[in-house]
Amino acid sequence: MLFCETGLRAGDLLRLPTQQILALKGKQNKILRVKEGKTQKIRDIYIANCFQEVYVYAKNVQSSYYSHLVKEIARLITPTQAYRQLNMGVEHVGNHTLRKTFGFWFYKATKVIAMLQRILHHSHPSVTLRYIGISEEETNNVLKTFSVFH
């Protein structure tokens with residue numbers, strides 16, 4: 001859930017201290033502050049939309065980091081089984097799939113590529129569009145039916 005709601009990289013999510021989530025319980029604004037491993041940039045992430053589910057999980061985790069989830073999955077199923085469950089007939093499922101999912105749905109909902117570029121720390125809007133799978137052909141198809149005057 002946190003992958004899809006935040007667009008965090010797997011490594012950043014796994015380094016997330018569960019205490020940081022638990023500390024948000026009494027706060028009005030549910031904002032996680034994360035230092036991204038790849039870019040070393042600080043990112044504030046609003047998680048109010050999924051806080052209750054994430055809090056319940058974090059409260060029951062015995063580890064001080066979210067990486068407990070990986071150990072729990074490994075204990076329950078093999079990596080091959082996990083891949084099969086995640087794949088479910090879809091080709092090319094990988095480490096960035098859920099991060100790209102976040103980006104794709106954020107873009108579909110807002111159409112604000114500049115903001116998504118900033119969230120994902122990409123260098124250029126074209127990088128972000130390519131990352132989330134929006135091709136030039138799709139953009140051109142939309143422009144075929146777009147008019148300021150209609």
Side-chain angles (χ1 to χ4, degrees), residues 1-59 61 65-70 72-73 79-150:
M1 181 174 287
L2 272 177
F3 278 120
C4 289
E5 290 288 329
T6 65
L8 284 172
R9 290 178 182 87
D12 295 334
L13 180 62
L14 297 178
R15 284 189 303 275
L16 184 65
T18 53
Q19 186 56 41
Q20 192 175 349
I21 292 166
L22 297 175
L24 294 176
K25 177 66 173 171
K27 297 190 177 183
Q28 185 173 2
N29 290 322
K30 309 295 189 219
I31 298 173
L32 287 175
R33 178 159 279 183
V34 177
K35 182 176 183 181
E36 294 185 337
K38 181 177 179 181
T39 63
Q40 298 298 303
K41 293 181 180 177
I42 301 295
R43 183 167 154 214
D44 287 336
I45 303 167
Y46 184 74
I47 65 164
N49 296 332
C50 64
F51 177 74
Q52 195 55 42
E53 292 88 348
V54 172
Y55 178 80
V56 168
Y57 175 80
K59 191 169 67 169
V61 169
Y65 288 91
Y66 238 67
S67 60
H68 170 77
L69 175 62
V70 172
E72 186 66 19
I73 289 171
T80 302
Q81 289 169 318
Y83 175 80
R84 285 181 187 146
Q85 288 296 313
L86 193 57
N87 191 309
M88 292 193 283
V90 179
E91 292 183 22
H92 309 294
V93 174
N95 291 336
H96 280 255
T97 301
L98 296 174
R99 180 173 160 86
K100 289 178 181 184
T101 299
F102 164 81
F104 178 81
W105 288 109
F106 181 92
Y107 178 73
K108 285 292 192 182
T110 66
K111 300 291 191 234
V112 183
I113 196 64
M115 188 180 299
L116 180 58
Q117 173 194 345
R118 192 172 63 230
I119 290 169
L120 297 177
H121 295 294
H122 287 160
S123 59
H124 195 272
S126 64
V127 173
T128 303
L129 288 170
R130 188 174 60 245
Y131 185 78
I132 63 173
I134 304 295
S135 68
E136 189 173 329
E137 180 182 347
E138 288 175 272
T139 303
N140 289 337
N141 285 339
V142 170
L143 290 174
K144 286 177 187 176
T145 61
F146 173 79
S147 172
V148 173
F149 303 106
H150 288 116

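- The CZ atom of R130 lies 12.5 Å from the OG atom of S135; values are rounded to the nearest 0.5 Å.
- Pairing each heavy atom of Q20 with each of R33, the nearest pair is NE2-O, 2.7 Å.
- When only modelled atom types and interatomic distance are considered, T39 and H121 share no side-chain donor-acceptor pair under 3.5 Å.
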Residue pair E5, N49: steps toward the side-chain contact (heavy atoms from CB on, under 4.5 Å) verdict: CA-CA 8 Å; E5 290 288 329; N49 296 332; 4.0 Å; yes
Kindly list each side-chain donor-acceptor pair under 3.5 angstrom involving residues 101-115, sequence neighbours excluded, with atom names and distances?
unit_1, atom_1, unit_2, atom_2, d
T101, OG1, T97, O, 2.8
T110, OG1, F106, O, 2.8
T110, OG1, V112, N, 3.2

Under 3.5 Å donor-acceptor pairs involving side-chain atoms of residues 22-30, not counting sequence neighbours:
unit_1, atom_1, unit_2, atom_2, d
K30, NZ, L24, O, 2.9
K30, NZ, K25, O, 3.2
K30, NZ, K27, O, 2.3

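- Among L16, L8, I119, the one residue that satisfies the side chain to side chain contact (heavy atoms under 4.5 Å, CB included) test with I45 is L8.
- Atoms OH and CG, from Y131 and L116 in turn, are 9.5 Å apart once rounded to the nearest 0.5 Å.
- One finds the CG atom of L32 at 8.5 Å from the CZ atom of F51 (value rounded to the nearest 0.5 Å).
- Between the H124 side chain and the S126 main chain, a donor and an acceptor come within less than 3.5 Å of each other.
- E36 and K41 are not joined by a salt bridge, as no carboxylate oxygen comes within less than 4.0 angstrom of a charged side-chain nitrogen.
- Panel note: side chain R99, backbone L120; a donor-acceptor pair is recorded below 3.5 Å.
- By the 4.5 Å heavy-atom criterion applied to side chains, T6 and I47 are counted as neighbours.
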